[in-house]
Amino acid sequence: MSTHASDPLAALGSLPGVADAVDSVRKAVDRVYGHRVMRRRSNEISSEAALRGARGSAALSGADWALEEVRRRTDFSADPEARTVGAALRLSAEAGQLLSIWRQSPLRVLARLHLVAAGDPDDSVGRPRLDGERVDEPLIEGPVPTPAEVAGRLDGLAELIVAGSEAPALVTAAVVHGELLALRPFTSHNGLVARAAERIALVGSGLDPKGICPAEVGHAEQGRAAYLAAFEGYLSGTPEGMGGWIAHCGRSVELGVRESTAVCEALQRGAA
């Protein structure tokens, strides 16, 4: 068994509130996977979860559209909000194609996610930012780490993912999400990329193999103020702050489960 010294993610499992969050998420996920509709129509649930997750992620990045507007719209180029929603939808569609690469080369996946989100192949897209390049991420405040610090911490995160961990999937996914928000490694779309990477980590871990538990829905439902407050806890690095961030991410997964359970119930009634 790995020691906590060699498996730093596993050490986070003992932080305040984390064990309860992990247990609660596991039970919630098991319940929705056991729903009778999942046996026959799991692809529909997955597609709907992807759409609703994209809507939630876009909302946290400042484009809080109604679900039906996201579903109806075909042109996402008209204005900044529309472009944000379009980026979130592209990321949601792309994430499932990157699972096989994630455990071998997470940095390649992150670069691809940024390229997909940006949709504009200028020379700053698809790579970590360089000295002198500004970050366009107005909804995430706080000091921006230097490119040198970004490179070192991204390498460390990638090494943890490739090496694997005994940490629960929720812990790993929350750290991936929090670290990418903290680093803001790209010149744009860091929040969208961070939430897409959290999703990949949850699916790739086997916790949510069909992608039916969209944490982005829960992050949005809890609201941006709660999201940023929990993120401040992650930035603090204290046991309470880190544990609070992981628990917040766990609650977000549970709310995503609730959303997909409602979709299952609607399909069962023939209402969706």
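Remember, it's a predicted structure, so these values are computed and weren't measured experimentally. Along the sequence shown, the residues carry numbers beginning at 1.
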Can you check whether Leu12 reaches Met242 side chain to side chain, under 4.5 Å on heavy atoms?
yes

Among residues two or more places apart or on two chains, list those pairs meeting side-chain hydrogen bond (donor to acceptor under 3.5 Å, both in side chains) that have a residue in residues 84-95.
Glu94-Arg112

Sorted by chain and number, sequence neighbours left out, side chain to side chain contact (heavy atoms under 4.5 Å, CB included) with Arg71 holds for Glu48, Leu51, Arg52, Leu67, Glu68

side-chain contact (heavy atoms from CB on, under 4.5 Å) assessment of His114 paired with Asn190
CA-CA 8 Å; His114 186 239; Asn190 289 288; 5.9 Å; no

Side chains of Val176 and Glu198: does their closest heavy-atom pair fall under 4.5 Å?
no

Does any N or O in the side chain of Arg199 come within less than 3.5 Å of the main-chain N or O of Cys213, such that one atom is a donor and the other an acceptor?
yes

Same cluster (ILVMFWY, side-chain, under 4.5 Å), Ile101 and Leu115
no

Just wondering, do Phe186 and Val125 contact through their side chains at under 4.5 Å, heavy atoms?
no

Does any N or O in the side chain of Ser205 come within less than 3.5 Å of the main-chain N or O of Leu202, such that one atom is a donor and the other an acceptor?
yes

From Leu99 atom CG to Gln97 atom CD, the distance as rounded to the nearest 0.5 Å
8.5 Å

Can you list everything that forms a salt bridge (Lys or Arg N to Asp or Glu O under 4.0 Å) with Asp122? Sequence neighbours excluded, please.
none

Under 3.5 Å, side chain of Arg40 to main-chain N/O of Val37, donor-acceptor pair present?
no

Supply the atom-to-atom distance Leu181 CG to Ile140 CD1, rounded to the nearest 0.5 angstrom.
5.0 Å

List in chain and number order the residues that pass side chain to side chain contact (heavy atoms under 4.5 Å, CB included) with Ala262, two or more places apart in sequence or in another chain; answer none if no residue qualifies.
none

Could you check Glu137, His189, Arg195 and say which one makes a side chain to side chain donor-acceptor pair (under 3.5 Å) with Ser61?
Arg195

Test of understanding: clusters of I, L, V, M, F, W, Y form through side-chain heavy atoms closer than 4.5 Å, transitively. Do Ile246 and Val217 belong to the same one?
no

Atom CG of Leu113 and atom CG of Leu192: how far apart are they, to the nearest 0.5 Å?
10.5 Å

With distance as the sole test, does His219 use its side chain to make a donor-acceptor pair with the main-chain N or O of His248 at under 3.5 Å?
no

Under 3.5 Å, is there a donor-acceptor pair linking the side chains of Glu133 and Ser124?
no

Distance (rounded to the nearest 0.5 Å) between Asp208 CG and Ile200 CD1:
12.5 Å

Quick one: closest heavy-atom pair of Pro214 and Ala49, and the distance?
CB-O, 3.6 Å

Counting only N and O atoms by type, is there a donor-acceptor contact under 3.5 Å from the side chain of Arg129 to the main-chain atoms of Arg184?
yes

Could you walk me through whether Glu259 and Arg55 satisfy the salt bridge (Lys or Arg N to Asp or Glu O under 4.0 Å) test, starting with their C-alpha distance in whole Å, then the side-chain angles of each, then the deciding distance to 0.1 Å, before giving a yes or no?
CA-CA 13 Å; Glu259 187 92 350; Arg55 193 218 73 81; over 6 Å; no

Within the 4.5 Å heavy-atom criterion, are Leu107 and Leu110 side-chain neighbours or not?
yes

Would you check if Pro147 and Leu130 make a side-chain contact, meaning some heavy-atom pair closer than 4.5 Å?
no

Does some side-chain heavy atom of Cys264 sit less than 4.5 Å from a side-chain heavy atom of Ile45?
yes

May I ask you to decide if Lys210's main-chain N or O and Tyr33's side chain share a donor-acceptor pair within less than 3.5 Å?
yes

Non-hydrogen atoms of Ala167 and Asp7 that approach each other most closely:
N-OD2, 4.2 Å

Work out which heavy atom in Leu154 is nearest to a heavy atom in Pro128; give both atom names and the distance.
CD1-CG, 4.1 Å

Side chain to side chain contact (heavy atoms under 4.5 Å, CB included) partners for Ala163, two or more places apart
none

Where is the tightest heavy-atom contact between Pro145 and Glu149, given as atom of each residue plus distance?
CB-OE1, 3.6 Å

Find out whether His35 and Ser42 are in side-chain contact, i.e. whether some heavy atom of one side chain is under 4.5 Å from a heavy atom of the other.
no

On a heavy-atom basis, the closest approach of Arg26 and Leu207 is NH1-CD1, 3.3 Å

Between Val263 and Leu89, is there a shared hydrophobic cluster once you connect ILVMFWY residues whose side-chain heavy atoms come closer than 4.5 Å?
no

Less than 4.5 Å apart, side chain to side chain, heavy atoms only: is that true for Trp65 and Arg73?
yes

Output the distance between atom CD (Glu216) and atom CG (Leu255), rounded to the nearest 0.5 Å.
12.5 Å

Side-chain donor or acceptor of Ser165 paired with backbone N/O of Leu9 under 3.5 Å
no

Within this structure, what is the OG-CZ distance for the pair Ser47 and Arg41, rounded to the nearest 0.5 Å?
11.5 Å

Angle class for the Trp245/Tyr227 ring planes (parallel below 30°, perpendicular above 60°, tilted otherwise)?
tilted

Which heavy atom of Ala28 sits nearest to which heavy atom of Val257, and what is that distance?
O-CG1, 3.4 Å

Output all residues satisfying salt bridge (Lys or Arg N to Asp or Glu O under 4.0 Å) with Glu179, sequence neighbours left out; order by chain, then residue number.
Arg153

